[in-house]
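The structure appears right after this line, and notes come after that.
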Protein chains: 2
Amino acid sequence: MTANTLIGLDWGTSSLRAYLFGPDRNILSQRETASGIQAITDGRFREAFESLCADWINAEPDLPVIACGMIGSRQGWREAPYAQTPAGFDELASALMPIDLLAGRRFCIVPGVSTVGPSGTHDVIRGEETQVVGALERLGLTDATIVLPGTHSKWVSVRNRRLVGFRTYMTGELYAVLARHSILGRLFAEQAAPDGPHQQQAFTDGLQRAFDDPTGLTSLLFSVRAEGLFGCYDGQQMPAYLSGLLLGAEIAHARGTALHPGTNLEPARDAATDSSAPVTLLIGSDTLVTRYAAALERAGIDAIPVPDAPVAEGLLALASSAGLID
Amino acid sequence: MTANTLIGLDWGTSSLRAYLFGPDRNILSQRETASGIQAITDGRFREAFESLCADWINAEPDLPVIACGMIGSRQGWREAPYAQTPAGFDELASALMPIDLLAGRRFCIVPGVSTVGPSGTHDVIRGEETQVVGALERLGLTDATIVLPGTHSKWVSVRNRRLVGFRTYMTGELYAVLARHSILGRLFAEQAAPDGPHQQQAFTDGLQRAFDDPTGLTSLLFSVRAEGLFGCYDGQQMPAYLSGLLLGAEIAHARGTALHPGTNLEPARDAATDSSAPVTLLIGSDTLVTRYAAALERAGIDAIPVPDAPVAEGLLALASSAGLID
């Protein structure tokens, strides 16, 4: 039997995904558990890893391991300090944080990345940098704007294989806390209907209003309630309307934001006339990617979905660049 | 004994305040209970009113009553339909909704006001219109911009004794749900320290960042967490920083918003050069008024606090204008 190449771990807050890369660097097997770092007590990270990957590591005790995500945060196994923008793919690889707890096994954690935005605020990603590396590797690109929707949406700008800037938007978490805990959520239907034309219209209205009034989010949010009072939307539409407002505010800001001197997040808009504008990629769950693609299209941004989470390719590329594998 | 003039009720979601106006229209007595409409079961509004004001109404069974606030909402005693902007003070008075449940007693509810904003969204106030009437009556003004901070902050524009437009901001509720239910609140100190220079600095930073990046709120919110990660603010400062971001977003939007053709919410900024710009008034609790006054000053708006809730004067003025009292 030819030796396998690598074990890759995507170890986030709420889940742990493991990939086994075969002799040809193909994904031989993958598995997932709910052992995100939030679920680990008493620092038993090693046990969680060995439990999920027992057969792989027993068969090949010296197979190297690379992990990305919140496992490298202060609340994780070992803190892998943030690399700073501009952060080249090779710089990320050279900053892998080794863990020497595992006799004979090379085990490294990918650093997160930090940046300072135009208004002087810090921002951070951890895990998304590996998705970004994987997506650009897969597509053979050196430049792109990558949108990663989620609880905390990230917009990352890559130029010449360097992460030059990014911004986080609390879109998903804002939706969740407003739906569950604010006066707005009380108007929502208890049983959500399938996402039909009725909901689509409300979603599009929300988007357009946020585009038209991009500084007015905290006021537009109240319109969820007021539109309900006047019967403009029913309880099945209000969740979609709220979602449209929040996505619209995110996109309206991100498209116009200079992430870094000389770069911005508005490239795809002028793609027709400016052949040097990098493409916009979209990485996330099918549901979110579908919703964001529709919203971005309405903003004039033609985003390319990247299916099958590219984190595995990112882990492989960083391990290779770091010399962790041959 | 000379007859008293009126009973005025400020009957909101969480409290009921009652005022007894004497023969000279002065406030003879006032009292408050937690019998807001949320606390009333089985529609027992009459009982709640008669319980709080028993001695007043027993002494003068035909003393008229005027009430404002959520008591006139669909969830209240009787719905008093919204007047629409532009709504003159006299129009509000002529639209009082009578309740004839009380034999021999005249009992009227002040209508709320609705408007349609520039982006086509509905907005509503209910109770604030009476505060606004009272404040302008007290100060002898016909024009003003009135800021009413709270769970849902309201900015109301009055020209020639008419409410010409307004906007609601969910500032207070956003703060509460983010502090209690989001990842941001987990970083807050459990015991809040008194509001010292340490917190003031964080508040001012938040304000300024929101002013500098007025479309970026959902991204700036994440900076509460990121600044914490980098030790820029401690758990005592983060609540103030979040508060600054949210107030800053509100003010940045409101000051630049055209509420109605020919009017806007930016009058006081140019008061030095434009003598026709109406004053900005500030109505609310002492804590909120102090915080908003500081924030508005930083935005170049010189706001005048209106102490002692002017709702009582508003109730009296509307009752008088409606002929409910002589």
Side-chain angles (χ1 to χ4, degrees), chain A residues 13 73-74 82 114-124 151-155 167-171 173-174 176-178 180-185 205 208-230 232 246-247 249-250 252-254 256-257, chain B residues 13 73-74 82 114-124 151-155 167-171 173-174 176-178 180-185 205 208-230 232 246-247 249-250 252-254 256-257:
Chain A
T13 302
S73 71
R74 220 168 288 169
Y82 294 103
S114 69
T115 193
V116 177
S119 56
T121 56
H122 289 90
D123 204 340
V124 291
T151 303
H152 299 161
S153 287
K154 310 281 184 179
W155 288 61
R167 285 291 281 249
T168 302
Y169 297 86
M170 285 188 67
T171 308
E173 184 163 5
L174 274 169
V177 298
L178 289 170
R180 282 183 211 147
H181 301 292
S182 83
I183 196 172
L184 305 184
D205 289 350
Q208 193 58 50
R209 285 179 176 168
F211 292 162
D212 291 345
D213 191 7
T215 64
L217 182 66
T218 68
S219 177
L220 287 173
L221 289 176
F222 186 74
S223 77
V224 177
R225 175 173 165 78
E227 297 297 282
L229 281 176
F230 286 87
C232 302
L246 290 167
L247 252 77
E250 174 183 332
H253 182 261
T257 301
Chain B
T13 302
S73 70
R74 220 168 287 169
Y82 294 103
S114 70
T115 193
V116 177
S119 56
T121 55
H122 289 90
D123 204 340
V124 291
T151 304
H152 299 160
S153 288
K154 310 281 183 179
W155 289 61
R167 285 291 283 247
T168 302
Y169 298 85
M170 285 189 67
T171 308
E173 185 163 3
L174 273 169
V177 297
L178 289 169
R180 283 182 211 148
H181 301 291
S182 83
I183 197 172
L184 306 183
D205 290 351
Q208 193 58 51
R209 284 179 176 168
F211 292 162
D212 292 345
D213 192 4
T215 64
L217 182 64
T218 68
S219 177
L220 287 172
L221 289 176
F222 186 74
S223 78
V224 177
R225 176 173 164 80
E227 296 297 283
L229 282 175
F230 286 87
C232 301
L246 290 168
L247 252 78
E250 173 184 330
H253 182 261
T257 300

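First the proteins, then the strands, lettered A, B, ... as listed; each starts at 1.
- Residue with the most contacts toward chain B among A:S73, A:G120, A:A249: A:G120 (heavy-atom pairs, distance under 4.5 Å).
- Aromatic ring pairs are classed by plane angle as parallel below 30°, tilted from 30° to 60° and perpendicular above 60°; the pair B:W155 and B:Y169 is perpendicular.
- Of the listed residues B:L184, B:T171, B:L220, the one with more heavy-atom pairs under 4.5 angstrom with chain A than any other is B:L184.
- Residue A:G216 comes nearest to B:R167 through the heavy atom pair O-NH2, 4.5 Å, listed as atom of the first residue, atom of the second, then distance.
- Only the side chain of B:H152 comes within less than 4.5 Å of a heavy atom of chain A; its backbone N, CA, C and O stay farther away.
- Within the 4.5 angstrom heavy-atom criterion, no atom of B:R180 approaches chain A.
- Put simply, CD1 on A:I183 and OG1 on B:T151 are 9.0 Å apart, with the number rounded to the nearest 0.5 Å.
- Taking every heavy atom of both residues into account, A:A252 and A:A210 meet most closely at CB-O, 4.3 Å.
- Counting heavy-atom pairs under 4.5 Å between each of A:E173, A:R74, A:H181, A:R225 and chain B puts A:H181 at the top.
- For chain A, the nearby part of B:F230 is the side chain; its heavy atoms alone come within less than 4.5 Å.
- Of the atoms belonging to B:L217, it is side-chain heavy atoms, and not backbone ones, that fall under 4.5 Å from chain A.
- Ion pairing between B:R209 and B:E227 holds under the 4.0 Å rule for side-chain N and carboxylate O.
- Minimum interatomic distance between A:T215 and B:H253 (heavy atoms only, all atoms of both residues): OG1-CD2, 2.9 Å.
- Between chain B and the residues A:S219, A:S153, A:A176, the largest count of heavy-atom pairs under 4.5 Å involves A:S219.
- When the candidates A:D212, A:L174, A:L178 are compared by the number of heavy-atom contacts under 4.5 Å with chain B, A:L174 comes out ahead.
- Taking chain B as the reference chain and counting heavy-atom pairs below 4.5 Å, the highest number among A:T168, A:V124, A:L221 is found for A:T168.
- Comparing A:L246, A:D205, A:L229 by how many heavy-atom pairs each has under 4.5 Å with chain B, the most go to A:L229.
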